Amino acid sequence: MPDTSPSRTAAIVPAAGRGERLGPGAPKALRTLAGLPILVHAVRALASARSIDLVVIAAPEDGVDETRSVLAGIDTEAEIVIVAGGDTRQGSVARALLALPSDVDVVLVHDAARPLVPPDVIDRVASAVRAGHEAVIPTLGVVDTIKEVDADGIVERTLDRSRLHAVQTPQGFTRAVLQSAHALSDASDATDDAGLVERMGVAVHVVPGDEEAFKITRPLDLVLAEAILVRRRAAGGVV
Ligand code: CTP
Ligand code: MG
């Protein structure tokens, strides 16, 4: 008998943020990095990963048409779907979840603002979900010492750095777990999807992230991203 169980892996890309910390201008995902919108870099990275069959983008509400036209030129076999995003990151992810076809059983959520994520990280996360982990996040060690400080500016305590992880995306989930997490009543205040899954008591598995999967947040991050692309170009890679 043919296998008719759902088995495709989708990437959801929340891309509807304004990019306020980057300064005035177009929505962050549509700003240019080495001549192409940040979103185009991110979608190319996802579409080039072996594990990804389909990419669903939550576009800025007033930028759906522009998003459609900038993504039209991407050369990929992966299916690309565009929906309008919401007022919060989680609202954007929730809207993209509604657009998932029924044959998708594994979902990765990846910030458009992390355009230079290496395909290896994407495949590592997807493989760990396929291997049986219901929720998987890529992380890096923390380089700074981190302290908790009270409202008066007095240090309360120093955290044990050896136990701290900085969390990146893509974060991977079984579709069932991600949908349940987003159905939680207080979902809108979480800064990442794994945070919602933790609230359900589901174990979140950690795999190694990559420095190049950093998030473009402030103007200096664009300088770093441009430099990485210059280096990739010099090494003969596609930018
Ligand atoms: N995001 C989204 N919908 C929102 C807010 C954020 O899809 N309403 C997306 C952003 O486009 C980004 C990711 O969530 O890809 C991570 O958010 P962040 O880095 O905070 O981006 P912005 O919200 O755009 O930036 P800022 O907070 O500086 O305005
Ligand atoms: Mg934000």
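Numbers here are sequence positions counted from 1. Note that the coordinates shown come from a computational prediction; the quantities given were computed from them, not determined experimentally. Values below: all heavy atoms of this structure, side chains included; hydrogens, waters and symmetry mates excluded.
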Verdict with supporting geometry, Asp221 and Lys215, side-chain contact (heavy atoms from CB on, under 4.5 Å): CA-CA 8 Å; Asp221 299 322; Lys215 185 155 71 79; over 6 Å; no

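- Through direct or relayed side-chain contacts under 4.5 Å between Ile, Leu, Val, Met, Phe, Trp and Tyr, Ile146 connects to Val142, Leu159, Leu164.
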For Asp210 and Asp120, run side-chain contact (heavy atoms from CB on, under 4.5 Å): C-alpha distance rounded to whole Å, both residues' side-chain angles, the deciding distance at 0.1 Å, then the answer. CA-CA 9 Å; Asp210 191 291; Asp120 279 0; over 6 Å; no

Can you check side-chain contact (heavy atoms from CB on, under 4.5 Å) on His110 and Ile122, steps first, answer last? CA-CA 9 Å; His110 182 64; Ile122 300 163; 5.9 Å; no

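- Ile154 meets the side chain to side chain contact (heavy atoms under 4.5 Å, CB included) test with Asp150, Asp152; sequence neighbours excluded.
- Considering OG1 of Thr217 and CD of Glu20, their distance stands at 12.5 Å, rounded to 0.5 Å.
- Taking Arg231 as the reference, Glu212 meet the salt bridge (Lys or Arg N to Asp or Glu O under 4.0 Å) condition, with sequence neighbours excluded.
- Using modelled atom types, one side-chain atom of Arg114 and one backbone atom of Ala213 make a donor-acceptor pair closer than 3.5 Å.
- Asp192 pairs by the side-chain hydrogen bond (donor to acceptor under 3.5 Å, both in side chains) definition with Gln171, not counting sequence neighbours.
- Not counting sequence neighbours, the partners of Arg89 by the salt bridge (Lys or Arg N to Asp or Glu O under 4.0 Å) test are Asp111, Asp193.
- Members clustered with Leu140: none, using a 4.5 Å side-chain heavy-atom cutoff among hydrophobic residues.
- Around the CD atom of Glu211, the shell of radius 6.0 Å holds no more than 12 heavy atoms that belong to other residues, nucleotides or ligands.
- Residues passing the side chain to side chain contact (heavy atoms under 4.5 Å, CB included) test with Asp62, sequence neighbours excluded: Arg18, Pro60.
- Every residue meeting the side chain to side chain contact (heavy atoms under 4.5 Å, CB included) condition with Ala128, not counting sequence neighbours, appears here in chain and number order: His133, Val136, His205, Val207.
- The minimum heavy-atom distance linking Arg161 with Asp144 is given by the pair CD-O, 3.1 Å.
- Taking all atoms of both residues into account, the shortest heavy-atom contact from Pro115 to Ala45 is O-CB, 4.2 Å.
- Among all heavy-atom pairs drawn from Ala112 and Ala15, the shortest one is CB-CB, 3.6 Å.
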May I have the list of side-chain donor-acceptor pairs in residues 173-181 shorter than 3.5 Å, sequence neighbours left out?
from, atom 1, to, atom 2, distance (Å)
Thr174, OG1, Val177, N, 3.3
Arg175, NH1, Pro101, O, 2.6
Arg175, NH1, Val104, O, 3.0
Arg175, NH2, Leu100, O, 3.4
Ser180, OG, Ala176, O, 2.8

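- Taking CZ of Arg68 as the reference point, atom CD1 of Ile80 lies at 11.0 Å (rounded to 0.5 Å).
- Residues Ala99 and Val83 come closest through the heavy atom pair CB-CG1, 3.6 Å.
- Looking at Leu184 and Arg199, their side chains come closer than 4.5 Å, going by heavy atoms from C-beta outward.
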Output side-chain donor-acceptor pairs under 3.5 Å for residues 22-39, partner residues at least two apart or in another chain, one line each.
from, atom 1, to, atom 2, distance (Å)
Lys28, NZ, Ile216, O, 2.8
Arg31, NE, Ala26, O, 2.6
Arg31, NH1, Gly23, O, 3.1
Arg31, NH2, Gly19, O, 3.4
Arg31, NH2, Gly23, O, 2.8
Arg31, NH2, Ala26, O, 3.1

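- Atom CD1 of Ile137 is separated from atom CD of Gln168 by 10.0 Å, given to the nearest 0.5 angstrom.
- The heavy-atom pair separating Glu61 from Val64 by the smallest distance is O-CG2, 3.8 Å.
- By the neighbour-count criterion of 12 heavy atoms within 6.0 Å, atom CG of Asp160 is densely surrounded, having more than that number from other residues, nucleotides or ligands.
- Judged as a salt bridge (Lys or Arg N to Asp or Glu O under 4.0 Å), and not counting sequence neighbours, the contacts of Asp103 are Arg8.
- Atom OG1 in Thr76 sits 10.5 Å away from atom CZ in Arg44 (nearest 0.5 Å).
- A donor-acceptor pair under 3.5 Å is formed between the side chain of Arg124 and the backbone N or O of Pro208.
- When Val55, Thr169, Ile52 are each tested for a side-chain contact (heavy atoms from CB on, under 4.5 Å) with Leu108, only one passes: Ile52.
- Taking the side chain to side chain contact (heavy atoms under 4.5 Å, CB included) definition, one finds that Thr158 meets it with Thr145, Lys147, sequence neighbours left out.
- To the nearest 0.5 Å, atoms CG (Asp123) and OG (Ser48) are separated by 8.0 Å.
- Of all non-hydrogen atoms in Pro170 and Val117, the two that sit nearest each other are CD-CG2, 3.9 Å.
- Put simply, CG on Leu46 and OG on Ser51 are 8.5 Å apart, with the number rounded to the nearest 0.5 Å.
- At a threshold of 4.0 Å, the pair Arg130-Asp105 counts as salt-bridged, since one of the basic side-chain nitrogens sits closer than that to a carboxylate oxygen.
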